[in-house]
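Each remark here refers to the structure printed beneath this line.
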Amino acid sequence: MEQKNNPLHGKTLEMILQHLVDLYGWEDLGSIVKINCFNFDPSIKSSLTFLRKTPWARKKVEDLYIDSLR
């Protein structure tokens, strides 16, 4: 299956999250994607744990990542 047009191909969730934190910072990221792990005592580790268990939140983060590449 061809993946060359998929911007998520080869990216780990951690890489995606780190990119967004570097780009927006936790505060803006928490405003854009309204999930508690971004707004209260945020960390990559706690956010990854939540996102791996929560498909709708992970989708929002992945969609934001794709938008940020444009």
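Basis for what follows: all heavy atoms, side chains included, without hydrogens, waters or symmetry-related copies.
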Exercise for review: Could you list the residues that satisfy side-chain contact (heavy atoms from CB on, under 4.5 Å) with Thr54, not counting sequence neighbours?
Suggested key: Phe50, Trp56, Ala57

Review point. CD1 of Ile35 to CG of Leu51: how many Å apart, nearest 0.5 Å?
Key: 5.0 Å

Review point. Is there side-chain contact between Phe38 and Val61, with heavy atoms separated by less than 4.5 Å?
Key: yes

**Study point:** Nearest-0.5 Å distance that lies between atom CG in Leu17 and atom SG in Cys37
**Key:** 8.0 Å

Exercise for review: Rounded to the nearest 0.5 Å, what's the gap from CG on Leu48 to NZ on Lys45? Could you check?
Suggested key: 9.0 Å

Point to revise | For Asp22, salt bridge (Lys or Arg N to Asp or Glu O under 4.0 Å) partners two or more places apart | key: none

Review point. Please, which pairs that meet side chain to side chain donor-acceptor pair (under 3.5 Å) have at least one residue in residues 25-36, sequence neighbours excluded?
Key: none

Point to revise | Atom CD of Gln18 with >12 non-hydrogen neighbours under 6.0 angstrom | key: yes

Review point. Pairs in or reaching into residues 59-70: which pass side chain to side chain donor-acceptor pair (under 3.5 Å), with residues at least two apart or in two chains?
Key: His19-Ser68, Arg58-Glu62, Lys59-Asp63, Asp67-Arg70

Review point. Side-chain heavy atoms under 4.5 angstrom apart, residues restricted to Ile, Leu, Val, Met, Phe, Trp, Tyr: same cluster for Ile66 and Met15?
Key: no

Exercise for review: Supply the atom-to-atom distance Leu69 CG to Leu64 CG, rounded to the nearest 0.5 angstrom.
Suggested key: 9.5 Å

